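Computed from a prediction, not measured in an experiment: that's the story for all the values here. Computed over heavy atoms, backbone and side chain alike; hydrogens, waters and symmetry mates excluded. Atoms within each ligand, like the ligands themselves, are counted from 1 in listed order.
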Amino acid sequence: MKLEKRYIIGKDSALLIIDVQNDFCPNGALPVPDGDKIIPILNKYIEKFVKAGASIYATRDWHPPNHISFKTRGGTWPPHCIQNTRGAEFHPKLALPKGVKIISKGTSPDREAYSGFEGTNLSSLLKDQGIKTVFIGGLATDYCVKATVLDALKEGFHVVFLEDASKGVDVNKGDSERAIKIMMEKGAEKATLSQIFTQ
Ligand code: VGL
Ligand code: ZN
């Protein structure tokens with residue numbers, strides 16, 4: 001039996017929760033199948049990170065009504081996560097703690113931004129705080145989670161993809177598996193809740 005790596009989280013660790021919004025959950029405008037199933041697990045991660053005094057960031061897709069990614073503008077997706085609508089709100093069951101830092105992305109009409117780092121100050125916020133390792137989970141594995149993981153690696157962070165706290169869209173069968181493979185090849189590690197410990 002292979003011993004699982006243990007991750008001990010502290011003040012130099014951050015949890016990045018990607019786009020756990022109503023529109024990406026069942027009954028939303030762009031639902032990830034079973035997207036809401038990760039929420040109870042994410043809440044357990046949140047508890048551990050709060051206990052460890054680690055930081056918690058939540059990204060949100062936060063589009064203007066005329067966003068370039070929408071089919072209405074020749075893009076790929078149905079309109080989703082439009083600023084200040086119910087679909088753009090975080091899922092009500094997600095227990096975001098006091099002091100969570102919210103990062104809005106995809107806010108310019110003419111620019112797509114899958115990654116939480118794209119067009120935001122996320123990288124400098126993390127670096128100014130002395131964050132070395134980011135633990136990333138959320139929606140969707142094959143789009144925004146993948147893009148955020150790859151950018152975090154480029155920015156020089158240690159990156160741990162949270163396998164049990166992420167779900168993919170799988171527009172094409174196997175997209176999520178391929179996304180995970182690419183994240184690992186580029187240098188991310190993967191973990192589940194039982195591997196996370198507080199000091
Ligand atoms: C996302 C498609 C379009 C995501 C955002 O959060 O993964 N996917 N916009
Ligand atoms: Zn979007």
Side-chain angles (χ1 to χ4, degrees), residues 14-39 41-42 45 56-94 96 100-120 122-123 134-154 159 161-183 186 188 190:
L15 175 63
L16 306 192
I17 301 168
I18 308 302
D19 299 3
V20 180
Q21 294 165 273
N22 289 321
D23 270 346
F24 294 129
C25 291
N27 303 316
L30 181 47
V32 177
D34 290 331
D36 55 340
K37 297 260 169 76
I38 62 170
I39 295 172
I41 301 157
L42 275 168
Y45 279 102
I56 299 174
Y57 289 77
T59 68
R60 62 182 181 185
D61 218 26
W62 195 245
H63 297 316
N66 59 343
H67 191 249
I68 190 163
S69 75
F70 296 171
K71 282 181 176 153
T72 44
R73 279 199 60 196
T76 315
W77 310 110
H80 62 278
C81 298
I82 296 173
Q83 296 167 6
N84 302 304
T85 63
R86 175 153 158 72
E89 286 173 16
F90 292 111
H91 191 285
K93 295 230 163 77
L94 183 67
L96 291 176
V100 62
K101 294 179 190 72
I102 310 252
I103 304 291
S104 302
K105 65 184 177 64
T107 58
S108 309
D110 298 325
R111 285 190 56 184
E112 178 57 301
Y114 287 140
S115 160
F117 289 92
E118 214 174 316
T120 71
L122 179 56
S123 187
V134 290
F135 296 78
I136 302 180
L139 304 171
T141 305
D142 36 359
Y143 290 94
C144 289
V145 173
K146 174 190 169 196
T148 306
V149 164
L150 297 183
D151 274 355
L153 289 167
K154 283 186 202 144
V159 183
F161 165 69
L162 302 176
E163 243 187 320
D164 52 350
S166 302
K167 275 266 193 288
V169 194
D170 286 321
V171 171
N172 310 295
K173 196 168 170 281
D175 278 354
S176 296
E177 261 173 65
R178 280 187 290 274
I180 294 170
K181 190 162 168 273
I182 292 166
M183 293 188 266
K186 298 282 183 189
K190 59 180 180 178

Completion exercise
The single option from H67, H80, Q83 that satisfies side-chain hydrogen bond (donor to acceptor under 3.5 Å, both in side chains) with D61 is H80

Problem - Sequence-distant partners of D34, side-chain hydrogen bond (donor to acceptor under 3.5 Å, both in side chains), two or more places apart - result: K37

Completion exercise
Listed as residue and atom, the protein N/O/S atoms under 2.8 Å from the Zn ion (ligand 2) are D61 OD2, H63 NE2, H80 NE2

Practice task
Answer yes or no: are there more than 12 heavy-atom neighbours, outside K190 itself, under 6.0 Å from its atom NZ?
Solution key: no

Problem - Nearest non-hydrogen partners of A152 and V134, listed with the distance - result: CB-CG2, 3.9 Å

Completion exercise
So salt bridge (Lys or Arg N to Asp or Glu O under 4.0 Å) across residues 69-79, not counting sequence neighbours, yields R73-D110

Fill in the blank from the handout: By chain and number, the residues contacting ligand 1 below 4.0 angstrom (heavy atoms only) are D19, F24, L30, D61, W77, H80, Y114, L139, A140, Y143, C144

Problem - E177 atom CD, neighbour heavy-atom count above 12 within 6.0 Å - result: no

Completion exercise
With I103 as partner, the option from T148, I17, L122, L16 fulfilling side-chain contact (heavy atoms from CB on, under 4.5 Å) is L122

Fill in the blank from the handout: Residues T59 and F90: closest non-hydrogen pair is O-CE2, 3.4 Å

Practice task
Take D151 and Y114 through the test side-chain hydrogen bond (donor to acceptor under 3.5 Å, both in side chains) and record every step on the way to the result.
Solution key: CA-CA 10 Å; D151 274 355; Y114 287 140; over 6 Å; no

